[in-house]
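Taking it in order: structure first as structure tokens, then the write-up.
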Amino acid sequence: MKKQKIRGILAAVTFGILSVFTLTAQAASERWTSTTSRDADNNICVSFRDVQVLLPESWSGICQMGTSENSAAFYQTKSRQLWTDELGYANGGWLFSINFSQDDSYTDNPSYMTIGYTPEGTYYATFPTDLQAYTDDSEAYNEFISMSNDIAWIKSHITLTAEGSTAASDGDYIFPQSSSAYLSQSDLDGMNADQIQMAINEIYARHNRKFVIQSIQDYFNSKSWYSGTVEAEDFDVSVMNEYEGANIALMVERLNSVSSSSQTAAEQSGGTADAYGMIIESGDGYFRLRLEDGSIVQLWYDGAKLGDMGLNADAFTVGAIASVIYDTESYEAVNILVW
């Protein structure tokens with residue numbers, strides 16, 4: 001059995017809290033001192049100094065919480081214990097954490113959700129991107145999966161309670177969940193191409209990417225959560241997590257639903273393929289894309305057809321993102337979206 005990613009061992013001081021979960025503390029600050037109660041539906045309400053989180057009633061007795069200076073982490077008790085017994089790995093069974101940061105470095109996390117802002121700093125939640133269950137025990141594994149299925153509900157029941165705080169507004173995002181959950185085709189229904197393009201850009205923006213098109217840069221500059229620190233040509237797509245990669249692929253697929261006339265013309269010349277990536281070079285009638293896997297493809301275009309695509313040659317700017325359908329024999333682009 002492979003050992004999962006280690007997130008730092010917590011000290012083994014354990015306390016019972018209303019028979020709900022156990023608490024492990026290491027240099028825990030006043031920030032993470034907590035009380036527990038039940039709401040009208042018997043769900044578990046965990047109240048910290050500045051944040052409150054609601055857990056499903058079904059988690060009673062099967063969840064543990066561990067605190068450190070800047071976070072409170074929640075675990076499945078069974079998987080954590082089995083990991084500890086077998087490998088001494090005390091952080092197995094991790095489900096999610098609530099964290100505090102005084103800067104925006106937390107946006108480098110592969111899967112996070114901003115909770116809100118206080119005068120002291122930002123609260124955010126983080127989630128695993130790999131399986132944290134103890135898979136050699138079917139009972140532990142199935143219980144972990146069941147608890148994992150509750151995470152989406154928990155995300156919507158985390159509240160910032162600090163005086164003078166500002167909650168992160170879902171209205172600041174096109175898809176608040178695109179970095180921590182898979183989108184579906186139905187999520188894209190009713191969206192036009194510009195909206196889908198901006199939703200893709202939003203995923204890049206979460207990782208502090210700058211944009212070469214000024215209107216897009218201006219859009220993200222207006223967002224309280226955005227900090228543009230990475231030049232477009234220096235951006236490394238490997239920072240994307242599995243949700244972000246899958247969601248970009250889904251949105252690109254929708255974007256590449258081109259007009260029937262373009263599709264027909266391409267099929268007559270031998271079929272089509274999709275390409276999506278960053279423009280790294282452009283010239284008279286051609287441009288080169290660096291794809292997500294790091295490979296490079298050179299594509300051609302007919303300048304006379306650009307107008308029908310809503311483009312001109314100036315659109316092929318180094319650092320811009322392009323989604324392309326091209327003829328597999330001639331490598332001529334039959335549909336191009338650039339942003």
Side-chain angles (χ1 to χ4, degrees), residues 7 15 17-25 28-76 94-107 109-128 146-181 183 187 202 206 223-227 243:
R7 292 179 175 79
F15 306 90
I17 301 183
L18 297 182
S19 299
V20 174
F21 46 72
T22 54
L23 168 67
T24 305
S29 67
E30 179 186 340
R31 187 183 309 281
W32 302 111
T33 299
S34 65
T35 60
T36 61
S37 59
R38 299 280 185 153
D39 70 2
D41 296 318
N42 210 35
N43 294 309
I44 305 157
C45 181
V46 185
S47 299
F48 301 101
R49 191 188 73 180
D50 299 330
V51 183
Q52 186 178 90
V53 58
L54 205 60
L55 305 177
E57 193 280 333
S58 60
W59 282 31
S60 179
I62 62 174
C63 173
Q64 288 184 327
M65 181 179 74
T67 63
S68 61
E69 183 178 0
N70 288 313
S71 68
F74 294 80
Y75 305 87
Q76 178 210 12
W94 179 52
L95 292 158
F96 74 98
S97 297
I98 298 174
N99 314 270
F100 175 79
S101 177
Q102 292 182 311
D103 55 38
D104 64 359
S105 60
Y106 73 92
T107 59
N109 281 281
S111 182
Y112 74 92
M113 178 189 77
T114 304
I115 298 169
Y117 314 94
T118 73
E120 295 179 338
T122 303
Y123 282 92
Y124 63 99
T126 50
F127 311 92
S146 177
M147 296 176 78
S148 295
N149 290 337
D150 293 326
I151 296 298
W153 181 87
I154 291 171
K155 286 180 181 179
S156 65
H157 290 83
I158 301 175
T159 308
L160 193 59
T161 58
E163 184 176 350
S165 63
T166 303
S169 170
D170 283 357
D172 279 346
Y173 295 93
I174 300 170
F175 287 121
Q177 76 277 31
S178 64
S179 67
S180 57
L183 299 177
D187 289 322
E202 183 175 82
R206 276 193 170 103
K223 303 302 178 184
S224 59
W225 52 265
Y226 175 69
S227 177
Y243 299 110

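Quantities reported herein were computed from a predicted structural model and do not represent experimental measurements.
- The side chain to side chain donor-acceptor pair (under 3.5 Å) check on Gln177 picks up nothing, with sequence neighbours excluded.
- At a threshold of 4.5 Å between non-hydrogen side-chain atoms, the residues Leu95 and Ser148 count as touching.
- Scanning for side chain to side chain contact (heavy atoms under 4.5 Å, CB included) contacts around Thr159 gives Thr161, with sequence neighbours left out.
- Of all heavy-atom pairs between Arg38 and Asn42, the closest is NH1-O, 2.9 Å.
- At distances below 3.5 Å, at least one donor-acceptor pair connects side-chain atoms of Trp32 with backbone N or O atoms of Glu69.
- Tyr106 pairs by the ring-ring contact (aromatic ring centres under 6.0 Å, His included) definition with Tyr112, Tyr124, not counting sequence neighbours.
- Take Glu57 and apply the side chain to side chain donor-acceptor pair (under 3.5 Å) test, not counting sequence neighbours, and it matches no residue.
- Within the 3.5 Å criterion, the main-chain N or O of Ile174 finds a donor-acceptor partner in the side chain of Glu202.
- Between Ile158 and Met113 there is a side-chain heavy-atom pair separated by less than 4.5 Å.
- Checked against side chain to side chain contact (heavy atoms under 4.5 Å, CB included), Ser58 has the following partners two or more places apart in sequence or in another chain: Pro56, Asp150.
- Contact check for Ser178 versus Arg206: side-chain heavy atoms found under the 4.5 Å cut-off.
- A pairwise comparison of heavy atoms in Ser34 and Val46 identifies CB-CG1, 4.1 Å as the closest pair.
- Sorted by first and then second residue, the salt bridge (Lys or Arg N to Asp or Glu O under 4.0 Å) pairs involving residues 113-128 (not counting sequence neighbours) are Arg31-Glu120, Arg49-Glu120.
- Side-chain contact between Asn109 and Phe127 is absent, with no heavy-atom pair separated by less than 4.5 Å.
- The shortest heavy-atom contact between Thr114 and Tyr173 is OG1-OH, 4.0 Å.
- For Asn149, the side chain to side chain contact (heavy atoms under 4.5 Å, CB included) criterion is met by Ile145, not counting sequence neighbours.
- For the side chain to side chain donor-acceptor pair (under 3.5 Å) test, residues two or more places apart in sequence or in another chain that qualify with Ser97 are Trp94.
- Judged as a side chain to side chain contact (heavy atoms under 4.5 Å, CB included), and not counting sequence neighbours, the contacts of Ala162 are Asp50, Thr118, Ser165.
- The side-chain heavy atoms of Val53 and Phe74, taken from C-beta on, include a pair separated by under 4.5 Å.
- Considering all non-hydrogen atoms of both residues, Gln102 and Phe100 come closest at CG-CE2, 3.7 Å.
- Side-chain contact check for Thr126 and Asn99: at least one donor-acceptor pair (N or O, by modelled atom type) lies under 3.5 Å.
- Scanning for side chain to side chain donor-acceptor pair (under 3.5 Å) contacts around Ser105 gives Asp103, with sequence neighbours left out.
- The closest side-chain heavy-atom distance from Tyr117 to Leu160 is not below 4.5 Å.
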